[in-house]
2 protein chains.
Amino acid sequence: MDEADRAVDRLFQALADATRRDMLRRCVRGELSVSRLAAAYPMSFAAVQKHVTVLERAGLVTKERRGREQLVRTDPGAVARARQALDALESAWRARVDRMSGLLSEDDDGPDACGGPAHARERKGPDG
Amino acid sequence: MDEADRAVDRLFQALADATRRDMLRRCVRGELSVSRLAAAYPMSFAAVQKHVTVLERAGLVTKERRGREQLVRTDPGAVARARQALDALESAWRARVDRMSGLLSEDDDGPDACGGPAHARERKGPDG
DNA sequence: CCCATCTACAACCATTTGGTTGTACGTTAC
DNA sequence: GTAACGTACAACCAAATGGTTGTAGATGGG
């Protein structure tokens, strides 16, 4: 297993925890110090520190010092990278659908194509 | 943490292992029996069985009996669900970009202060 | 029937994970 | 300078994870 695989491991692993996903949502609304972040959760400061470390190793957030505080902010390219990892899986799925549609019909992408996510790459913005 | 959160946990957790991602790629190219799948990896049959169980609990694959074999196939909607989970994070990021355009220096003391979704106070574990 | 194959599952083990507490260190405020 | 704050990190613990082996139940072919 090469480093790229391990990076994807860390990425999905970091996302596989509701607390960390919530941290991302909070940091995405504006950078927060680790202390301020920790105040939002019913766990010790050290536990929050560890979560932040996991997010950082996954490349989802970066830390920057400001005085005695450490500001946590989301990495703009992070979600894009997660999305890319999913794309890799999805493209394999599309290849299969492609083979099926070739056999079944030529003007339809298959039964899954109605609302299917295969190439629905359009972003669904929160307010349009 | 509600069941939806736990479902997302299971989904990303299942994706956070290179072996399981490879299994998905293989099954996406055509359903495979667990034995045939197991033959592709340098680990015991039981280990592969466990991986398939993880993928199944995450809703990424389904199993179907054919004779004495158990065919594993990807769930067409699975990757779509993963993408949806990422979309939720991405929309938050877009919202932040949106706010930066307006640029108001509001004190981000709590989620209620800025009208955002307040869902961070809940945690796993009784009180520990 | 008997045997080979495919699957299911339990028991066990090592490592990782998610949490705790305690301690030490740099920075800011008084 | 000292106290308070914010952070870093180590030691420890319970539970989950990823692997093993072993055993037992179905299913299909000779």
Side-chain angles (χ1 to χ4, degrees), chain A residues 1 5-24 26-27 31-58 60-73, chain B residues 1 5-24 27 31-58 60-73 108-109 120-128:
Chain A
M1 187 170 72
D5 277 334
R6 249 168 284 135
V8 179
D9 280 9
R10 288 192 296 269
L11 210 155
F12 283 125
Q13 182 64 44
L15 290 172
D17 183 284
T19 299
R20 285 193 294 264
R21 288 194 302 274
D22 190 79
M23 286 176 174
L24 277 183
R26 283 176 177 271
C27 291
E31 58 200 8
L32 292 170
S33 71
V34 181
S35 297
R36 230 197 221 296
L37 202 50
Y41 303 98
M43 66 182 71
S44 68
F45 176 81
V48 171
Q49 260 187 321
K50 287 192 183 180
H51 280 304
V52 171
T53 298
V54 170
L55 289 171
E56 196 179 16
R57 291 207 327 136
L60 285 165
V61 304
T62 57
K63 287 192 291 186
E64 186 189 354
R65 290 195 55 179
R66 192 186 59 183
R68 62 185 164 185
E69 292 182 332
Q70 192 88 263
L71 298 184
V72 182
R73 62 175 56 164
Chain B
M1 187 171 72
D5 277 335
R6 251 168 284 138
V8 179
D9 280 10
R10 288 194 295 268
L11 209 155
F12 283 124
Q13 181 63 43
L15 290 171
D17 183 285
T19 298
R20 286 194 291 264
R21 289 194 301 273
D22 190 76
M23 287 177 174
L24 277 183
C27 291
E31 56 200 10
L32 292 170
S33 71
V34 181
S35 297
R36 207 160 250 314
L37 203 50
Y41 302 97
M43 65 182 72
S44 68
F45 176 80
V48 171
Q49 261 186 321
K50 287 191 184 182
H51 279 304
V52 171
T53 297
V54 171
L55 289 171
E56 197 179 13
R57 290 207 327 135
L60 285 165
V61 303
T62 57
K63 287 192 290 186
E64 185 189 355
R65 280 218 322 256
R66 192 188 58 184
R68 60 184 165 189
E69 292 182 333
Q70 190 88 261
L71 298 184
V72 182
R73 63 176 54 166
D108 208 345
D109 209 333
R121 232 62 187 198
E122 49 202 348
R123 268 278 311 113
K124 55 184 66 169
D127 190 6

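Note that these values count all heavy atoms, side chains included, but never hydrogens, waters or copies made by symmetry. What you see is a predicted model; the values in this text were computed from it and never measured.
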Query - Atom-pair distance (CG on B:Asp9; P on C:dT17), nearest Å - result: 15 Å

Query raised in the report: Can you tell me how far NE2 of A:His51 sits from CE of A:Met43, rounded to the nearest 0.5 angstrom?
Result: 4.5 Å

**Report entry** Whole-Å distance separating the CG atom of A:Leu32 from the P atom of D:dT7
**Finding:** 11 Å

Query raised in the report: What distance do B:Leu37 atom CG and B:Met23 atom CE have between them, rounded to the nearest 0.5 Å?
Result: 5.0 Å

Query raised in the report: A:Ser35 has a side chain; which of D:dG6, D:dT27, C:dG18 sits nearest to it?
Result: D:dG6

Query raised in the report: Would you say A:Arg73's side chain and A:Glu64's backbone share a donor-acceptor pair under 3.5 angstrom?
Result: no

Report summary line: By side-chain contact (heavy atoms from CB on, under 4.5 Å), B:Arg65 pairs with (sequence neighbours left out) B:Gln70

Report task. Kindly indicate whether a cation-pi arrangement holds for B:Arg20 with A:Phe12, taking the cut-offs as under 6.0 Å to the six-membered ring centre and within 45° of the axis. Result -> no

Query raised in the report: With respect to the side chain of A:Gln70, which nucleotide from D:dA8, D:dG19, D:dT27 is positioned closest?
Result: D:dA8

Requested in this report: State whether B:Arg65 places a side-chain N or O below 4.0 Å from either non-bridging phosphate oxygen (OP1 or OP2) of C:dC6.
Outcome: no

Query raised in the report: Measuring from B:Arg21:CZ to A:Asp9:CG, what's the distance to the nearest 0.5 Å?
Result: 4.5 Å

Requested in this report: Kindly state which residues belonging to residues 49-56 of chain A come within less than 4.0 angstrom of DNA chain C, counting heavy atoms of the residue only, listed by number.
Outcome: A:Lys50, A:His51

Report summary line: Testing C:dG18, D:dG6, C:dC9 for proximity to the side chain of A:Asp17, the answer is C:dG18

Report task. Could you tell me whether the side chain of B:Arg57 and the main chain of B:Ala14 form a donor-acceptor pair under 3.5 Å? Result -> no

Report task. With rounding to the nearest 0.5 Å, note down the distance linking NZ in B:Lys63 to CG in B:Leu71. Result -> 11.0 Å

Report task. Look at the side-chain N and O atoms of A:Arg66 and state whether any lies under 4.0 Å from the OP1 or OP2 oxygen of D:dG6. Result -> no

**Report entry** Short side-chain N/O contact to D:dG6 OP1/OP2 from A:Ser33, under 4.0 Å
**Finding:** no

Requested in this report: Could you tell me the separation between the CE atom of A:Met1 and the P atom of D:dG19, rounded to a whole number of Å?
Outcome: 10 Å

Query raised in the report: Whole-Å distance between C:dG18 C1' and A:Phe45 CZ?
Result: 16 Å

Query - Value in whole Å for how far the C1' atom of D:dT17 lies from CZ of B:Arg57 - result: 12 Å

Requested in this report: Calculate the interatomic distance between B:Met43 atom CE and D:dG18 atom P; express it in whole Å.
Outcome: 10 Å

**Report entry** Which nucleotide in C:dT27, C:dC6, C:dT20 has an atom nearest any side-chain atom of A:Arg68
**Finding:** C:dT27

Query - Options C:dT5, D:dT17, C:dA8, nucleotide nearest the side-chain atoms of B:Lys63 - result: C:dA8

Query raised in the report: Counting any heavy atom closer than 4.0 Å, what does B:Arg36 reach on the DNA or RNA strands: base, sugar-phosphate only, or nothing?
Result: nothing

**Report entry** 5' priority, DNA chain C, between A:Gln13 and A:Gly67 [closest heavy atom]
**Finding:** A:Gln13

Report summary line: Between CD of A:Glu69 and C1' of C:dC25 the distance, given in whole Å, is 17 Å

Query - B:Leu71 CG to C:dC6 C1', straight-line distance once rounded to whole Å - result: 11 Å

